[in-house]
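Quantities reported herein were computed from a predicted structural model and do not represent experimental measurements. Keep in mind that the numbers below use all heavy atoms, side chains included, and drop hydrogens, waters and symmetry copies. Chain letters run A, B, ... following the sequence lines, proteins first, then strands; residues in each count from 1.
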Number of protein chains: 2
Amino acid sequence: MTQPQPPPPSASEAKTVKAARTRARILDAALALVEEVGYDKATMRAIATRAGVAPSNAYYYFRSKEELIQGFYARLHEEHMVVLGPALESAKGLREQLLAVVDTKLDVAEPYHASSAALYRAAADPKSPLNPFSEASRPVRDDAIAVFTDLLAGTRTKIPADLARQLPRLLWTWELAIILRWIHDDSEGRRKTRFLAERTADLIVKLIRVSTLPGLGPLRRSAVKLVAELFEEDAAAS
Amino acid sequence: MTQPQPPPPSASEAKTVKAARTRARILDAALALVEEVGYDKATMRAIATRAGVAPSNAYYYFRSKEELIQGFYARLHEEHMVVLGPALESAKGLREQLLAVVDTKLDVAEPYHASSAALYRAAADPKSPLNPFSEASRPVRDDAIAVFTDLLAGTRTKIPADLARQLPRLLWTWELAIILRWIHDDSEGRRKTRFLAERTADLIVKLIRVSTLPGLGPLRRSAVKLVAELFEEDAAAS
DNA sequence: GTCTATAACCGGATAGAC
DNA sequence: GTCTATCCGGTTATAGAC
């Protein structure tokens, strides 16, 4: 299904090490170039030249330009994790903490805003590894979801157990939606995106509160059940 | 902002008519080819050949391949309107009518499922005229929203006035979401998409009911206000 | 069998002559 | 308004070096 990728640790170590280095060089060149000149101008030829290899060599290690850019997400996510810790510490209450997550995410992503449309275009393809729902994106996705799991574990807000189980994935979907808005947002300081984030964070907290009302139990349960089924269906084969 | 398009009715009629014919020929060829062989294989060269012109001539009339495919939406929408009427007649109740809208939409779109990923990819670009939120998509979008306006006007379900005003656009967004799922859906008979449509239709009807509860007035009002602001912000310049 | 390079294909898009 | 000739960038066939 996949290419050599990180060739399974077998055979002579020497060769493997060399390959891994070449692979890393290409990846570094790709990410640096995208950062400097944007996705479109970061051509495969330019990336290869910068890495000191032939264009087709990049295709030996990566199946497509998109896959080559996959490392992008991981890098963004790492940077996000670094700044998120302190931000969460100083955020009081669920609303503020939710906002801290997406606000820091947007901060970290800001340098790539110009490239984001091109990246999103690629990510829109169901078949692309850049697709946030893809198998290739799973490690980063699971980690991003875990952020919300941890956050909720530490909150004093009361949340029904069935809802609590689905909430991390729902909140991750919320984060995706905010990012989607951000991609389209050309207002100064991404004003519109920040506005959307704040207002929807308010709404989410209110909805969680309301969901504890006894009269709404049936509605909540059927909604939660639907969400659970949808996420599970993704896990199963199509 | 745009190209010659339908060159403003001036100058000698003869030329204008000829241009319009050439334009129509190219458009017809494009849509037919996409239908026959899919978006990717419908190359600009093939489209141009079929229309009996040079490739660059197509670019004289359309700024990009994507723009050339714009007519696609309008055609799909027209077909949808044709089958929707009868379907709505035989649907009893709000839930059934909502489902009738998206079910017929999916039926009409089914022949293009294979092309849909490519089209969606193009549509994902904020700058693309294919983007459903774009100015170019406005006529079809407004018409699709009007479907829900009409549907709601005829329903016996009680809906708070403030919510009723936003609901058509919200439901259109719901329709978009279902289509998005459909694009990614490779299950037999698009089982998963139909499932999602049914369950979310249930949920929508339940939510509308619940929204009339007096205790939930404040929450409903702030949610409705947010939605209204978001849609208005789109109308204004960025 | 692992890695790398040369040369070429293919399709979207553009320049510029007529 | 239409064409011919080309560019340009992603991608691949292929061959050969280590």
- Do you know which of B/F148, B/F133, B/F231 makes ring pair (Phe, Tyr, Trp, His ring centres under 6.0 Å) with B/W172?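 Passing option: B/F133.
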
Would you indicate which nucleotide in [options] comes nearest to any side-chain atom of [X]?
| X | options | answer |
| --- | --- | --- |
| B/T43 | C/dT4, C/dG11, D/dG9 | C/dG11 |
| A/K65 | D/dT2, C/dG12, D/dT11 | D/dT11 |
| B/A19 | D/dG1, D/dC3, C/dC3 | D/dG1 |
| B/K18 | C/dT4, D/dT11, D/dT2 | D/dT2 |

Go through it in stages, so that I can follow the logic: the residues are B/D150 and B/L88, the test is side chain to side chain contact (heavy atoms under 4.5 Å, CB included), and I'd like the CA-CA distance, side-chain angles, deciding distance and then a yes or no. CA-CA 11 Å; B/D150 295 347; B/L88 276 182; over 6 Å; no

Task: Whether over 12 other heavy atoms sit under 6.0 Å from B/R75 CZ - done: no

Does [X] make a side-chain N or O approach to OP1 or OP2 of [N] shorter than 4.0 Å?
| X | N | answer |
| --- | --- | --- |
| A/Y59 | C/dT4 | no |
| B/Y60 | D/dC3 | no |
| B/N57 | D/dG1 | no |

### Message
Would you compute the distance between atom CG of A/L230 and atom CZ of A/R169 and round it to the nearest 0.5 angstrom?
### Response
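Those atoms lie 10.0 Å apart.
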
Write down the distance between [atom1] ([X]) and [atom2] ([N]), rounded to a whole number of angstrom.
| X | N | atom1 | atom2 | answer |
| --- | --- | --- | --- | --- |
| B/R23 | D/dT2 | CZ | P | 13 Å |
| A/R63 | D/dG10 | CZ | C1' | 16 Å |
| A/Y61 | D/dT11 | OH | P | 18 Å |
| A/R21 | C/dT2 | CZ | P | 19 Å |
| B/M44 | D/dA5 | CE | P | 20 Å |
| B/I47 | C/dG12 | CD1 | P | 7 Å |
| A/D125 | D/dG10 | CG | P | 17 Å |
| A/Y39 | D/dG10 | OH | P | 8 Å |

For B/R45 and B/T22, find the nucleotide of DNA chain D closest to each by heavy atoms; which residue's nucleotide sits nearer the 5' end?
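Counting from the 5' end, the first nearest nucleotide belongs to B/T22.
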
- Any donor-acceptor pair under 3.5 Å joining the side chain of A/S56 to the base of C/dT6?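 In this structure, the two groups form a donor-acceptor pair.
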
Nearest-nucleotide check on DNA chain C, A/G52 vs B/A42; residue mapping nearer the 5' end is A/G52

**Request:** For the pair B/Y112 and B/W182, evaluate ring-ring contact (aromatic ring centres under 6.0 Å, His included) and give the outcome as yes or no after the intermediate values.
**Result:** CA-CA 11 Å; B/Y112 310 100; B/W182 173 82; 8.8 Å; no

